[in-house]
Amino acid sequence: MKAANSLRRKLLRWLLVALSALVAVGILTDYFMALEPAREVYDQHLLKLAYNLERSLPDDPGKWHEAYPQIERTLLRSEQDSYDAAKAAIFDLQGQFLAGVAGLPIQLPSADNKPYFYEAEYQGDPIRVVAIKSPTLEAVLYLAETTYKRNRLVQKTLIHMIVPELIFAIFSIVVLWIGVGRGLQPLAQIRAQINARSETDLSPMDEGKAPVEIREIIVALNSLLARLDHSLKLQNQFLANAAHQLRTPLAGLQMQLELASEQSPEERMQSHERMVVSTRRIVRLANQLLALARAEGEGEVNKFAELDISNAIEAMATEWLARADAKSIDLGFDLHPAKVSGSLWQIQEMLANLVDNALRYTPMQGNITIRCRQQEQEVVIEVEDNGPGIPPDQREQVFNRFYRLDEGPEGCGLGLSIVREIVRRHDGKVVLSTPLSKRGTLVQITLPAVETAFKSMV
């Protein structure tokens with residue numbers, strides 16, 4: 001089972017990694033800080049011992065080999081302890097052995113005659129060697145000492161330095177654990193507030209004394225709750241209006257059915273006609289409610305693709321021409337290639353609602369013209385009629401759901417709402433105006449052309 005993705009664990013993991021790195025760097029720094037002073041002290045002591053050894057040698061180089069054992073007993077062994085041993089050797093300037101320990105590893109000195117130190121190994125033991133070039137003896141004196149005492153001093157010093165750091169690290173871990181827990185408490189409070197709410201409570205959450213970062217989350221969440229509350233109110237209003245719109249034709253249909261058995265044949269015929277009208281209204285309302293729901297959805301039918309508005313209009317022209325002929329309406333087309341990125345179903349539904357409104361409101365012998373064209377980076381769609389028109393003070397209200405003008409044929413008031421929703425989803429705009437003929441309605445829709453639309457999606 002995969003472990004939960006915990007914010008606390010992530011924070012502690014990164015903090016512990018940083019703390020471990022700091023402790024490791026601190027230990028490494030402590031090691032070199034402890035090593036250097038110990039090396040300096042013991043190097044000075046070793047150099048001093050080498051000078052004493054030089055002064056103890058006889059003036060005659062031929063006697064150095066005989067004098068060395070006595071010098072080692074009196075001078076070197078007195079400096080030894082249970083940890084380290086000291087050995088010396090004398091070589092001439094060409095590297096030839098003269099006296100002392102012959103197997104001692106040597107390095108020839110440079111020309112500056114200064115003492116120098118180096119690390120080596122003798123009989124399996126690590127040693128520190130100092131070499132001094134004696135101008136009076138015309139030879140090089142090498143004095144070596146094992147490094148166990150140095151290392152022991154470094155270890156002791158390092159332990160005394162590391163222990164406080166480890167205590168500090170443990171203390172820091174405890175503080176981090178408590179601090180991260182306290183820092184995440186506002187998230188737990190937000191969770192408690194959300195769990196305590198009912199599914200209908202969309203009121204803003206209390207920011208309280210939350211930190212800035214948490215307050216930004218609460219502000220964003222409150223903004224979402226406000227949008228959800230507004231959307232829920234619109235849905236409730238929509239459902240109430242839809243129920244009201246369905247109730248009227250259904251009640252009339254029920255009444256006509258109940259009275260049908262008591263009516264004369266002439267009255268029954270009139271009732272039948274009224275029932276047909278009510279049924280058509282119910283069917284139209286149901287279809288438009290479904291269309292609006294589909295337009296607001298995210299299903300496969302709403303996927304965008306490249307399409308030509310002129311082709312979409314031509315595919316629906318036959319049905320519109322038949323309805324126009326029934327009212328002796330002159331239905332004309334002025335179509336040019338106009339490519340957009342959009343949902344074919346939504347574009348057809350938008351066009352169907354625009355032309356349906358024009359056919360409904362245009363009187364007998366009227367005129368309707370449908371146009372589409374590409375204008376720079378936009379596609380323009382126009383539906384113009386010479387019907388009664390829409391008063392300027394109501395041109396914004398007609399886009400509201402279930403809003404109908406006082407005059408004209410009876411509808412359900414959803415057509416232009418569907419049009420506006422589809423135009424919004426295609427990043428366009430819709431404008432109502434009066435044609436140049438000063439009569440009727442001109443509906444103009446502008447949508448991004450296909451090049452612009454695809455650039456915005458990249």
Within the 4.5 Å heavy-atom criterion, are [X] and [Y] side-chain neighbours or not?
X	Y	value
E314	L335	yes
V130	E145	no
R425	E421	yes
E119	I127	no
L447	I381	yes
L354	L416	yes
N357	V355	no
L432	F399	yes

Taking [Y]'s backbone N and O only, do any of them form a donor-acceptor pair with [X]'s side chain (distance below 3.5 Å, no angle check)?
X	Y	result
N353	V419	no
H426	I422	yes
R395	I390	yes
S417	N400	yes

Supply the atom-to-atom distance [X] [atom1] to [Y] [atom2], rounded to the nearest 0.5 angstrom.
X	Y	atom1	atom2	result
W14	L19	CH2	CG	14.5 Å
E349	D356	CD	CG	9.5 Å
S172	L15	OG	CG	10.5 Å
Y42	L49	OH	CG	13.5 Å
L228	L224	CG	CG	4.5 Å
Q94	L108	CD	CG	9.0 Å

Would L442 and D385 count as a side chain to side chain contact (heavy atoms under 4.5 Å, CB included) here? Give the steps.
CA-CA 7 Å; L442 173 62; D385 64 64; over 6 Å; no
Between the side chains of [Y] and [X], is the shortest nitrogen-to-carboxylate-oxygen separation below 4.0 Å, so that they form an ion pair?
X	Y	result
E396	R420	yes
E384	R371	yes
R323	E319	no
D334	R373	no

Any idea which heavy atoms bring [X] and [Y] closest together, and the distance?
X	Y	result
Y122	P105	CD1-CD, 4.1 Å
S203	L225	O-CD1, 3.7 Å
L93	K133	CD2-CE, 3.7 Å
L98	A139	CD1-CB, 4.1 Å
V340	P448	CG1-O, 3.6 Å
A50	L141	O-CD2, 3.3 Å

Does the side chain of N52 come under 3.5 Å of the side chain of R55 through a donor N or O and an acceptor N or O?
yes
Specify whether F333 and W320 have parallel, tilted or perpendicular ring planes, treating 30° as the upper limit for parallel and 60° as the lower limit for perpendicular.
parallel
Mind checking whether Y142 and Y118 have parallel, tilted or perpendicular rings, split at 30° and 60°?
perpendicular
Taking it one step at a time, do I173 and L16 satisfy side chain to side chain contact (heavy atoms under 4.5 Å, CB included)?
CA-CA 7 Å; I173 292 173; L16 289 177; 3.6 Å; yes
Heavy-atom neighbours of F168 CZ exceed 12 at 6.0 Å
no
Does E376, at its CD atom, have more than 12 non-hydrogen atoms belonging to other residues, nucleotides or ligands within less than 6.0 Å?
no
Run L307 and N311 through side chain to side chain contact (heavy atoms under 4.5 Å, CB included) and show every step you take.
CA-CA 8 Å; L307 58 95; N311 294 337; over 6 Å; no
Going through the distances and angles, do I370 and L351 end up as a side chain to side chain contact (heavy atoms under 4.5 Å, CB included)?
CA-CA 10 Å; I370 303 173; L351 294 169; 5.6 Å; no
